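All values below were derived from every heavy atom in this structure, side-chain atoms included, with hydrogens, water molecules and symmetry-related copies excluded. Starting from 1, each residue takes its place in the sequence as its number. Not measured: the values here are computed from a predicted model.
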Amino acid sequence: MNLHEYQAKRLFADYGIPVQGGEVATSAQEAVAQARALGGDAWLVKAQVHAGGRGKAGGVKFTRDLAELEATAARLIGSRLVTKQSGPDGQPVGCVLIAQAADIAHELYLSALVDRASRRIAFMASRAGGMDIEEVAATTPEKIITFTVDPVLGLMDYQCRQMGFALELDAKQRGQLQIILHGLYRLFTERDLSLVEINPLAILTDGSLCALDGKVNVDDNALYRQEIAAWRDPDQEDEKERRAKEFDLNYVTLDGNIACMVNGAGLAMATMDIIKLSGGAPANFLDVGGGTTAARVAEAFKIIVSDPNVKAILVNIFGGIVRCDLIAEGIITAVKEVGVNVPVVVRLEGTNVNEGKEMLAKSGLAITSAEDLADAAKKAVAAVGGKH
């Protein structure tokens, strides 16, 4: 689960990480009121969306008076912001963060994430923070400082000092960084995060450090024990992916036109690969799980057909935990219930496969059976009119 910047900063403040003053607003009038309450004569208006690259896309605006602030907030709220990290349709802007302007001397980068290779939490930082950090990582990776934390020992003070020296901080700033790093580590472990990013972590003109932006990802598997699960913003999520989660379906929207429904993540990846090899393009990744039921198959079909880009459906099921005849029954029920109006190609293999194929053949529905995965992919590609 992703959090908005203003939500991330709430967590930062709870863990002793300094942040600039700011308040969220859902209307232009509220934005003006928040700016007046914050005081000062300059403010940032920051669109709250789950996508990076907001600054270059016009989603972050520096304003010097209330009239400009009101006009900027009115333009952003209710719009869709397209960034290099969003989809082509952009993300809806439901609110903006009104933040106090900060006098910045230098911008640093700081993040923590789960490093699967070392099975530890890794901290990353760079003296070259700001909007071009991705380019820095790609072209000059030596500017990225990294260390991992032993889960038995926890974050050590010497690691904080080493990072402070590598970032060329003075003694006072190294002390501040140590507090920030310990706060981030506690935040990461106590709130079950998978990623936390501060870009920029600014060195202000008075020499202090301040988190001017924040990105937080929470591990979905731990949401049941986290109060911040209530902070989820469904408007920022793909509607089909959100519905799939409600039924324990693993679904990811893609940009092709052949929908896939498969049991097993590895088999789903192989199915998408062979569709591409056959000249087609998958419209989704959909793993219904090893112990799927007719009800879940029906819900999967509902999600699939809600995508207007889908022109054919390829069902690839290996009957191991669940029998092929039960899957066939679920497919027949789903096609009748949902009213599928696109070609459906089904490849079954495993327990009771012959019974399953016979049920599909006698269903009277426009369902095409395939002998193997390659045959299924070719038939699905042909059903959409050939190569993509």
Side-chain angles (χ1 to χ4, degrees), residues 5-6 8-23 34-35 38-47 52-65 68-69 72 96-112 123-147 155 157 159-185 187 196-216:
E5 176 192 351
Y6 75 91
K9 286 181 173 178
R10 287 179 187 174
L11 290 179
F12 291 167
D14 289 343
Y15 284 83
I17 300 165
V19 297
Q20 67 188 142
E23 295 292 341
Q34 299 289 20
L38 288 169
D41 56 5
W43 307 268
L44 288 166
V45 181
K46 309 179 81 174
R54 293 175 301 165
K56 291 184 177 180
V60 178
K61 179 73 173 177
F62 179 79
T63 59
R64 293 187 178 276
D65 58 62
E68 184 183 10
L69 180 143
T72 301
V96 294
L97 176 64
I98 307 301
Q100 291 175 327
D103 294 323
I104 303 171
H106 193 83
E107 292 184 342
L108 308 174
Y109 172 85
L110 178 62
S111 69
F123 280 88
M124 300 175 63
S126 177
R127 180 79 180 174
M131 289 192 293
D132 296 320
I133 187 63
E134 291 87 358
E135 184 178 344
V136 171
T139 59
T140 53
E142 68 276 6
K143 293 183 178 180
I144 305 295
I145 308 148
T146 305
F147 69 80
L155 177 64
D157 288 346
Q159 294 177 304
C160 302
R161 290 193 293 270
Q162 286 180 341
M163 179 165 280
F165 283 118
L167 291 173
E168 303 174 19
L169 303 181
D170 61 30
K172 181 179 179 181
Q173 291 163 351
R174 291 196 298 272
Q176 291 177 317
L177 180 67
Q178 183 168 317
I179 294 173
I180 291 171
L181 290 174
H182 277 288
L184 280 183
Y185 185 69
L187 169 61
V196 58
E197 183 179 66
I198 302 175
N199 185 33
L201 174 64
I203 302 176
L204 304 181
T205 52
D206 64 4
S208 64
L209 301 181
C210 183
L212 298 188
D213 199 352
K215 178 180 181 181
V216 168

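Considering all non-hydrogen atoms of both residues, Met163 and Leu110 come closest at SD-CD1, 4.1 Å.
With sequence neighbours excluded, no residue forms a side-chain hydrogen bond (donor to acceptor under 3.5 Å, both in side chains) with Glu23. Partners of Ser111 according to the side-chain hydrogen bond (donor to acceptor under 3.5 Å, both in side chains) rule, which considers only residues two or more places apart in sequence or in another chain, are Tyr109. Legend: residues meeting side-chain hydrogen bond (donor to acceptor under 3.5 Å, both in side chains) with Tyr15, ordered by chain and number and at least two apart, are Glu190, Arg191.
Within the structure, salt bridge (charged side-chain N to carboxylate O under 4.0 Å, His left out) pairs that include any residue of residues 198-216 comprise Arg54-Asp213 (at least two apart or interchain).
The closest donor-acceptor contact from the side chain of Thr72 to the backbone of Glu68 lies under 3.5 Å. Using modelled atom types, one side-chain atom of Arg127 and one backbone atom of Leu167 make a donor-acceptor pair closer than 3.5 Å. A donor-acceptor pair under 3.5 Å is absent between the side-chain atoms of Gln34 and the main chain of Gly22, judged by distance alone.
Here the OG1 atom belonging to Thr205 is positioned 11.5 Å from the CD1 atom belonging to Ile203, to the nearest 0.5 angstrom. Distance CD1/Ile198 to SG/Cys210: 9.5 Å, rounded to 0.5 Å.
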Enumerate, atom names and distances included, each donor-acceptor pair closer than 3.5 Å involving a side-chain atom of residues 135-143, sequence neighbours excluded.
{"from": "Thr139", "atom 1": "OG1", "to": "Glu135", "atom 2": "O", "distance (Å)": "2.7"}
{"from": "Thr140", "atom 1": "OG1", "to": "Val136", "atom 2": "O", "distance (Å)": "3.1"}

Anything under 3.5 Å between a donor and an acceptor, one on a side chain of residues 174-181, the other on a protein residue two or more places apart or in another chain? List them.
{"from": "Arg174", "atom 1": "NH1", "to": "Leu169", "atom 2": "O", "distance (Å)": "2.8"}
{"from": "Gln176", "atom 1": "OE1", "to": "Leu209", "atom 2": "N", "distance (Å)": "3.3"}
{"from": "Gln178", "atom 1": "NE2", "to": "Asp157", "atom 2": "OD1", "distance (Å)": "3.3"}

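Ring geometry, Phe123 versus Phe147: the interplanar angle falls under 30°, so the pair is classed parallel (tilted spans 30 to 60°).
Using a 4.5 Å cut-off on side-chain heavy atoms (C-beta onward), Met124 and Glu197 make no contact. Annotation: side chain of Ile104 is in contact with side chain of Leu212 (closest heavy-atom distance under 4.5 Å).
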